[in-house]
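Here's the structure we're looking at; comments come further down.
The model shown is predicted, which means the values in this text are computed figures rather than measured ones.
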Amino acid sequence: MNVKAKFTAIILAAIICLSCFGCSNSARAIDAFYFNSDIHIETRNKPLGASMEHEITDYLDYLDKAFSITQEDSIVSKYNNLKGGENVLLSDPLEIDVFKQVIAAQEFSDGKFNCAVYPLSELWGFKDGYPLPNFVPPTDDEINKILTSGATSIDTISYDALLTEQGELKKLNDSSKIDLGGILKGYAADGVGKILNENGYNSGYVSIGTSSLYILSVESLKIRHPRNQAETPSVISVNLKGKKNLNVSTSGDYEKTYTFNGKTYCHIIDPVTGKPAETGVMSATLIGADGGFSDAITTALCLCKHTNGDGQSQLVTLMQKILSTIDITCQIFVLWSDGENNLLLTNKKQGEDFTLLDPNFTVVNI
């Protein structure tokens, strides 16, 4: 496969990138594995030198080790091993910045994004070692035991509760455990993109896992179909109109799943019910906000309830809040279904800003 064909045919689990600006035959890619995810970084206007490759991989390696859920000396593991009332000191400003973004996303989403949901994720088998060979859904009693312990309460991880002015993490509840997987890939993609920008790279992209993308410069992208991926791989083609340096994040109910007795359970856990999301949101994509924030908020969108024709639903309310508070120019695409009605909720105009590739969806502008 030639270089240009490779670029135009790369299929991310959430996104397909199409034609690029400034393409040349001097492209060089970095392929790596961090955050339990495949990473692909490709530049178009000039090749990646060895020193740039080292700077990028050093940055990714640092983030991976600092916030690992499994590595014993990571800040996340240190916090998870604390007892209630104990503190752990963050070692540098980058760690503080990550936790500030985590807490900001939690507060912005009214707790729908919740880094302390990890005990529930463990209970449902979405943990190190996924997928479990013999999955059985937990009982209501097992779920309620965690919920009533206060381990996942947003009160234990608010600004005042979690992060001190001295840069320490406080653990209020013995049972609390945190996992930053819902924000870290977007944060990392954003960070790598900024490193490339600062060093004169202006065309290409950074792909981390199945959900996070930083676009230096491409003309358009396609969003993966959450259901009919064999027959209709993409559901939306988005016109980026020449915009550069964009973060793209997608969350969906179709990635990590378990099926038991004919029912499928997704990895997005509702911190209120303690169970996998069942809101009808199949996928949520946010284009144009900060990477870490986008990662977290697309997860929150998947946990928002919606009823067809209800303009004041949780889903519409959060979408409107993103546009009015963060950036009115953000592009939001949410695919929702109640089994009979398939909707694309978006703030963009069909035909001008995007093309709908599946006629089974009805566009609803918010």
Side-chain angles (χ1 to χ4, degrees), residues 10 12-15 17 30 32 34-43 55-64 66-67 76 93-109 112-113 115 179-199 201-218 221 223-224 238 240 243-252 255 268 283-302 318-319 322-323 325-327 329-334:
I10 288 173
L12 312 177
I15 300 159
C17 286
I30 297 174
Y34 293 102
F35 322 115
N36 289 318
S37 302
D38 291 316
I39 294 175
H40 185 81
I41 301 164
E42 189 167 316
T43 59
E55 182 176 350
I56 290 171
T57 55
D58 285 349
Y59 174 77
L60 293 171
D61 189 61
Y62 174 83
L63 287 177
D64 192 37
F67 300 103
V76 169
L94 190 149
E95 291 180 351
I96 295 174
D97 185 56
V98 169
F99 277 100
K100 284 184 175 179
Q101 288 205 23
V102 168
I103 297 169
Q106 291 172 164
E107 295 193 349
F108 185 90
S109 66
K112 283 185 169 55
F113 172 73
C115 74
D179 177 13
L180 306 192
I183 199 170
L184 197 57
K185 290 188 285 293
Y187 185 94
D190 199 2
V192 173
K194 289 174 180 176
I195 290 172
L196 291 170
N197 272 315
E198 289 168 359
N199 288 275
Y201 294 89
N202 56 34
S203 183
Y205 67 96
V206 179
S207 166
I208 299 186
T210 61
S211 62
S212 302
L213 185 70
Y214 186 96
I215 296 173
L216 293 167
S217 178
V218 298
L221 62 85
I223 297 173
R224 176 181 177 180
V238 183
L240 297 179
K243 293 181 180 179
K244 299 183 179 183
N245 305 323
L246 293 174
N247 286 293
V248 183
S249 292
T250 293
S251 295
E255 278 304 310
I268 300 173
S283 75
T285 299
L286 178 57
I287 304 172
D290 289 343
F293 175 86
S294 297
D295 246 8
I297 298 305
T298 53
T299 297
L301 286 167
C302 289
L318 183 53
M319 291 173 70
I322 294 167
L323 297 170
T325 309
I326 304 303
D327 190 340
T329 67
C330 286
Q331 300 179 62
I332 310 175
F333 300 94
V334 179

Minimum heavy-atom separation for [X] to [Y], with atom names?
X    : Y    : value
F113 : A300 : N-CB, 4.0 Å
C115 : Q106 : N-OE1, 2.8 Å
Q101 : G292 : OE1-CA, 3.9 Å
I326 : A289 : CG2-CB, 4.2 Å
I297 : A105 : CD1-O, 4.0 Å
A66  : E95  : CB-OE2, 3.9 Å

Measure the shortest side-chain to side-chain distance between [X] and [Y] over non-hydrogen atoms and say whether it is less than 4.5 angstrom.
X    : Y    : value
D295 : N247 : no
L184 : Y34  : no
L196 : I41  : yes
T299 : I268 : yes
Y59  : L94  : yes
D179 : V76  : no
L301 : L286 : no
I215 : K243 : no

Out of curiosity, [X] [atom1] to [Y] [atom2], how far, rounded to the nearest 0.5 Å?
X    : Y    : atom1 : atom2 : result
Y187 : I208 : OH    : CD1   : 12.0 Å
L318 : T325 : CG    : OG1   : 9.5 Å
E42  : S203 : CD    : OG    : 9.5 Å
Y205 : L216 : OH    : CG    : 11.0 Å
H40  : L213 : NE2   : CG    : 11.0 Å
L63  : D58  : CG    : CG    : 11.0 Å

Residues in ring pair (Phe, Tyr, Trp, His ring centres under 6.0 Å) contact with F108, at least two apart in sequence or another chain: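 F108: ring pair (Phe, Tyr, Trp, His ring centres under 6.0 Å) contacts with F293.
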Test log, rule side-chain contact (heavy atoms from CB on, under 4.5 Å), inputs S294 and V248: CA-CA 7 Å; S294 297; V248 183; over 6 Å; no
Residue pair S249, S212: steps toward the side-chain contact (heavy atoms from CB on, under 4.5 Å) verdict: CA-CA 5 Å; S249 292; S212 302; 4.3 Å; yes
Side chain N197, main chain G193, donor-acceptor under 3.5 Å: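 Yes, N197 side chain to G193 backbone: donor-acceptor pair under 3.5 Å.
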Donor-acceptor contact present, side-chain S37 to main-chain F35, <3.5 Å: yes
Worked verdict on I195 versus Y201 for side-chain contact (heavy atoms from CB on, under 4.5 Å): CA-CA 9 Å; I195 290 172; Y201 294 89; over 6 Å; no
